[in-house]
Trainee: 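Sharing a structure here in structure tokens format.
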Amino acid sequence: MAPKQRTPKVSRNPDLIRGVGKHSRSKMYHKRGLWAIKAKNGGVFPKHDKKAAGEAPAVKAPKFYPADDVKKPLVNKRKPKPTKLRASVTPGTVLIILTGRFKGKRVVFLKQLTSGLLLVTGPFKINGVPLRRVNQAYVIATSTKVDISGVNVEKFDDKYFSKQVEKKKKKGEGEFFEADKEEKNVLPTEKKEDQKSVDAALIKSIEGVADLKTYLAARFSLKAGMKPHELVF
């Protein structure tokens, strides 16, 4: 079967020369039948309403893909559970701190905070350990106990120990080469009074037990030949 021959499209208004048509504008108006369309619609060309554009996506998809793989954070569905307090750690128990600035110091456990950390104190007047928070993973519980019934620790929570973040000031041109003057952090008077009130009640009960004050003031350490797993605290 012979293929159909395509007839080339012929313009209704062929160009005599480039840019100049054979027929005039009014001639083409009649030739295209625009007069009939206008007469059919009451002397006005029909207008078609524009289609409503679909809702644009909230986030436009990127035009190009990133060259490197971008890691997306995984959805964390884990619900935090309250930290379970060890059976050997009870209010008034003497603990031995195993790490940090006060490593080897003996402290008195007061209560467990909402974060799961332990609220302890030396007292400060005996061994220099102030009111502070300690993780129970880094303490050894001893069999020694102190009566803390007279100590009020209701006001102490995690917010009490939070630090105020101060914005760093930008240095000017004149201050750039000057030596930085570091201001020492001064402990508020309110916290000093809180420490004194806790210490006063604790020391009163500590002094009622023989050699307990000396025991708390002494730092714990291991000597040659001592086996930690055989010690009874």
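Heavy-atom basis, side chains included; hydrogens, waters and symmetry copies ignored.
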Trainee: Got a salt bridge between Lys155 and Asp194, using NZ or NE/NH1/NH2 to carboxylate O under 4.0 Å?
Mentor: yes
Trainee: Pick out which of Leu85, Leu95, Leu117 makes a side chain to side chain contact (heavy atoms under 4.5 Å, CB included) with Gln136.
Mentor: Leu85
Trainee: Can you check whether Arg132 reaches Val120 side chain to side chain, under 4.5 Å on heavy atoms?
Mentor: yes
Trainee: Without swapping roles, check the side chain of Asp199 against the backbone of Pro123 for a donor-acceptor pair under 3.5 Å.
Mentor: no
Trainee: Less than 4.5 Å apart, side chain to side chain, heavy atoms only: is that true for Ser197 and Asn152?
Mentor: no
Trainee: Heavy-atom count check: over 12 atoms from other residues, nucleotides or ligands less than 6.0 Å from Asp211 CG?
Mentor: no
Trainee: If only atom types and distance count, is the side chain of Arg219 paired as donor or acceptor with the main-chain N or O of Lys103 below 3.5 Å?
Mentor: yes
Trainee: Report yes if the side chains of Tyr215 and Thr142 come closer than 4.5 Å at any heavy-atom pair, otherwise no.
Mentor: yes
Trainee: Should the heavy atoms of other residues, nucleotides or ligands under 6.0 Å from NZ of Lys111 be counted, would the total exceed 12?
Mentor: yes
Trainee: Grouping I, L, V, M, F, W and Y whenever their side-chain heavy atoms are under 4.5 Å apart, do Ile126 and Val108 come out in a common cluster?
Mentor: yes
Trainee: Do any N or O atoms from the side chain of Ser205 and from the backbone of Asp147 form a donor-acceptor pair under 3.5 angstrom?
Mentor: yes
Trainee: Check for me, please, whether Ile203 and Leu216 land in the same ILVMFWY cluster - side-chain distances under 4.5 Å, paths through other members count.
Mentor: yes
Trainee: Measure from NZ or CZ of Lys196 to the centre of the six-membered ring of Phe124 and say whether it is under 6.0 Å with the direction within 45° of the ring axis.
Mentor: no
Trainee: Are the side chains of Pro130 and Thr121 in contact, using a 4.5 Å heavy-atom criterion?
Mentor: no
Trainee: Given 3.5 Å as the limit, does a donor-acceptor pair link the side chain of Arg106 with the main chain of Ala218, or not?
Mentor: yes
Trainee: So does Lys22 get a backbone contact from the side chain of Asn13, meaning a donor-acceptor N/O pair under 3.5 Å?
Mentor: yes
Trainee: So for atom OH, which belongs to Tyr138, do other residues, nucleotides or ligands contribute more than 12 heavy atoms lying within a distance under 6.0 Å?
Mentor: no
Trainee: Rounded to the nearest 0.5 Å, how far does CG of Leu113 lie from CG of Leu118?
Mentor: 8.0 Å
